[in-house]
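The chains referred to below are lettered A, B, ... by the order of the sequence lines, with proteins before strands, and numbering in each begins at 1.
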Amino acid sequence: MTTRTDYCGRLTDADIGRTVTVCGWVSKRREHGEHLAFVDLRDRTGIIQCVVDHAHDIRNEYVLSVTGTIRARPAETINSELPTGSVEIGDASVEILSRAEPPPFQIDGRVEVDETIRIRHRYLDLRNSRMQRNLRSRSAINASIRRAMDAQEFVEVETPMLIASTPEGARDFVVPSRLSPGNFYALPQSPQLFKQLCMVGGIDRYYQIARCMRDEDLRADRQFEFSQLDMEMSFADGETVREVISQAVSEAAETITGERPGPIPEISWLEAMNKYGSDKPDIRFGLELVDLTAIFSETDFNAFKAPCIKGLKVEGGSDLGRNQLDQLTDKAKNWGAKGLVWVKVGEAGEVTSPVAKFMSESEIAYMLSELEAEEGDICFLVADDWKRAVHVLGLLRLELGRPPVNEGGFHFVWVVDFPLFEEVDDQGNPTPAHHPFTMPHEDDLAMLSASSDAQDLLKVRSQAYDLVLNGWELGSGSVRIHQREIQQQIFNLLGIGEEESQVKFGFLMDAFRYGAPPHAGFAFGIDRLAALLVGEENIREVIAFPKSQSGTDPLTEAPTSIDEAQLEELGLKVIPETL
RNA sequence: GGUCCCGUGGUGAAGUCUGGAGUUCACGCCGGCCUGUCAAGCCGGAGGUCGCGGGUUCAAAUCCCGUCGGGACCGCCA
């Protein structure tokens, strides 16, 4: 085999006269009679046209080494669509390095291909320019993140993949232990505890591009395994952490788009929930939620006798048909709403609505003015408890107005002042909104110790913050508790007793005995960041070998059964599924 | 655990609502022709368990039930 001298996609007018050897796959061949044929050869950089005497024995996707002299194309045959379109390899001699069967799908992207088929033959799909671009972009993002972190004197530390399972958080993937039959390792959901130990260990500034595993249902933006930029820093507050992360994501965004995003705005969790009905607001568009509770405080309409009424207005939406409205109502119910009220605005404030007769004229007028609704608009109202009302309307807002992933630019936003606790569980214990090591807001510490009522605790703010991009949660972080006393207090509130906390997190609590620095950190998902930056609405498009929504790998067929001997060695027995 | 959408030659789509011969279109594949194409062109050809199973019917890609696979979403994801 002749040694490659050049990449296909990089040959230009400057190379005219050079004798080159390129290697790659046959993208296309065009034969013109007995003694003229064109072969488009493709490698990772692009395509070059090779002119050969004949191509009878060449087929698409054959692997060739082509040697010839670069020459300018005749003026009338220049292909402006192709970066290499002004030159060609003339009088090329071809060496077939590998023959190929016709691929199960066309690699040129001319016809769309079912994603399962693409993934089953990912080694072919990867030849396509889309995947080439996506994986290269992802690689560039990783490099730019490392550059940003290195520049800020962070140290990359690797943490173990085989760790102890803790019942908190997502479902663990577990690995049976051969040397300790009946015991299991867990794969990390994140390096959370280890990075905090790094802080106790004086690393001061830690980062890692870490693989994490969570055994939860898959989505367009969720796979079992994912990568995150994980970081932690000592003697730093949340603001400093956000500044560091802003640098890293800005660097990444600039690498891909060529444009550095401006300063990232902050919004409080409460404001995000009230305006967008989501803790990961997509601020590329309006359709903001408006509070209408006070307007209907005197209502006789039973459905509106609720703790909270929220509404949103769609400009020019009154042409929505009954069918569409019914479908939206069904969706709202599926999201947990009892119902969805719509109000169409006609001439001079005349309204059309199935529930118009239950609203007084003043209520209607007040509502329309609050929503700034005018002729031709439609308003949607949800009455429920606050949480459900904003949740349902938030989802409706996305349904009605969310632009495609590659439109509207990149709108990062920090969501700050998350509540410390999410809700109260069956046992009356609050559940942590972030994780149990999150430091409460300094101003709310008093509330924390004084309060005996679980409902009051839900008002306690934490020093936790999320980074959101175009409605996707990129990641979250917090100031951590570094004092054992506060940590124990939180554990107590969560219903985790001293003994239990010692069993689950004893090593961290022990570490904190020996001089724990104040510290704070963050982690964001690289798959999501990469997908958004390259304009893909699905993280599978930036993952070389992804899994299907049901968690199987169409390529390797994983998960598979294992044989009896293997099970026995691990001390495992499979219970047959009984129907 | 739940809601919705999809499954038709190798690939993508139409056909399904309103049952009537495996019908159609584009790409690919195979053969032939063709000396400047580049989504080459022209001529010819091959290629099907309409995901699978059952039911209704004189007749099912089409209607019904079940099931499998894929996707989007709700729940879940500290």
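Here the C1' atom of nucleotide B:rG69 and the CZ atom of A:Arg118 are 18 Å apart, to the nearest Å. Going from atom CH2 of A:Trp335 over to atom P of B:rG75 covers 11 Å, rounded to whole Å.
Pair assignment for B:rU35 gives none, since no Watson-Crick or G-U wobble pairing has each distance under 3.5 Å. Pairing for B:rG19 is absent, with no Watson-Crick or G-U wobble pair whose two atom distances lie under 3.5 Å. Pair check for B:rG9 finds none; no Watson-Crick or G-U wobble contact set falls under 3.5 Å. For B:rC4, the paired base is B:rG71 (Watson-Crick or G-U wobble, both distances below 3.5 Å). B:rA61 makes up no base pair with any nucleotide shown, lacking Watson-Crick or G-U wobble contacts both under 3.5 Å. Under the Watson-Crick or G-U wobble criterion, with both distances below 3.5 Å, B:rA46 has no partner in any strand shown.
At the heavy-atom level, A:Lys28 lies under 4.0 Å from the strands shown only through sugar-phosphate atoms. Note on A:Asp114: only backbone sugar-phosphate atoms sit closer than 4.0 angstrom, heavy atoms only; bases stay farther off. Among the heavy atoms of the strands lying under 4.0 Å from A:Asn60 are primed sugar atoms or P, OP1, OP2 only; no base atom is included.
Listed by chain and residue number, A:His435, A:Phe505 satisfy the ring-ring contact (aromatic ring centres under 6.0 Å, His included) test with A:Phe437 (two or more places apart in sequence, or in another chain). Under the side-chain contact (heavy atoms from CB on, under 4.5 Å) criterion, A:Ile117 pairs with A:Phe105, A:Val113, A:Asp114, A:His121, sequence neighbours left out. Qualifying side-chain contact (heavy atoms from CB on, under 4.5 Å) partners for A:Arg211, counting only residues two or more places apart in sequence or in other chains: A:Met161, A:Met213, A:Glu225, A:Ser227. Legend: residues meeting ring-ring contact (aromatic ring centres under 6.0 Å, His included) with A:Tyr185, ordered by chain and number and at least two apart, are absent. Partners of A:Thr431 according to the side-chain contact (heavy atoms from CB on, under 4.5 Å) rule, which considers only residues two or more places apart in sequence or in another chain, are A:Glu422, A:Glu423, A:Asp425. A:Arg122 meets the side-chain contact (heavy atoms from CB on, under 4.5 Å) test with A:Arg118, A:Ile119, A:Asp125, A:Leu126, A:Met131, A:Phe545, A:Pro546, A:Leu555; sequence neighbours excluded.
Not a single donor-acceptor pair, N or O on each side, falls under 3.5 Å between the base of B:rU37 and the side chain of A:Glu31. Put simply, the side chain of A:Asp217 and the base of B:rG75 share a donor and an acceptor less than 3.5 Å apart. Judged by distance alone with a 3.5 Å cut-off, no donor-acceptor contact links the side chain of A:Arg388 to the base of B:rG75. Side-chain to base pairing of A:Arg73 with B:rC38: one donor and one acceptor N or O lie within less than 3.5 Å of each other.
Taking the nucleotide of RNA chain B with the nearest heavy atom to each of A:Arg219 and A:Phe105, the more 5' of the two is matched to A:Phe105.
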Can you name the atoms? Protein N/O to nucleotides 15-18 of chain B N/O, anything below 3.5 Å, with the distance.
none

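Atom name P, nucleotides B:rU11 and B:rG28: the rounded distance is 15 Å, in whole Å. Comparing the P positions of B:rA46 and B:rU23 gives a spacing of 13 Å, expressed to the nearest Å. Using P as the reference atom, B:rG51 and B:rG10 are 13 Å apart when rounded to the nearest Å.
Geometric assessment of A:Arg397 against the ring of A:Phe285 yields a positive cation-pi assignment under the 6.0 Å and 45° thresholds.
Taking the charged nitrogens against the carboxylate oxygens, A:Lys387 and A:Asp385 have no contact shorter than 4.0 Å, which rules out a salt bridge.
One finds no side-chain N or O of A:Arg171 lying less than 4.0 angstrom from the OP1 or OP2 phosphate oxygen of B:rC76. Dashed line: the shortest gap from a side-chain N or O of A:Asn334 to OP1 or OP2 of B:rG75 is not under 4.0 Å. For A:Arg59, a side-chain nitrogen or oxygen approaches OP1 or OP2 of B:rC30 to under 4.0 Å. Listed pair A:Arg71 / B:rG36 fails the phosphate criterion, with no side-chain N or O lying under 4.0 Å from OP1 or OP2.
Residues from residues 545-553 of chain A placing a heavy atom under 4.0 Å of any atom in RNA chain B, listed by number, are A:Ser548, A:Gln549, A:Ser550, A:Thr552. Contacts between residues 220-232 of chain A and RNA chain B, counted as heavy-atom distances below 4.0 Å, involve A:Ala220, A:Arg222. Contacts between residues 390-404 of chain A and RNA chain B, counted as heavy-atom distances below 4.0 Å, involve A:His391, A:Leu395.
Ring-base stacking between A:His32 and B:rA40 is satisfied, the centre separation being under 5.5 Å and the plane angle under 30°.
Applying the ring pair (Phe, Tyr, Trp, His ring centres under 6.0 Å) test between A:Phe522 and each of A:Tyr207, A:Tyr206, A:Trp414 identifies A:Trp414 as the sole match. When A:Lys195, A:Met199, A:Met439, A:Gln487 are each tested for a side chain to side chain contact (heavy atoms under 4.5 Å, CB included) with A:Arg480, only one passes: A:Lys195.
For the side-chain hydrogen bond (donor to acceptor under 3.5 Å, both in side chains) condition, no pair includes a residue of residues 98-111 of chain A, sequence neighbours left out. Sorted by first and then second residue, the side-chain hydrogen bond (donor to acceptor under 3.5 Å, both in side chains) pairs involving residues 460-471 of chain A (not counting sequence neighbours) are A:Asp444-A:Arg461.
Side-chain contact annotation: A:Gln502 with A:Glu498, donor-acceptor N/O pair under 3.5 Å absent.
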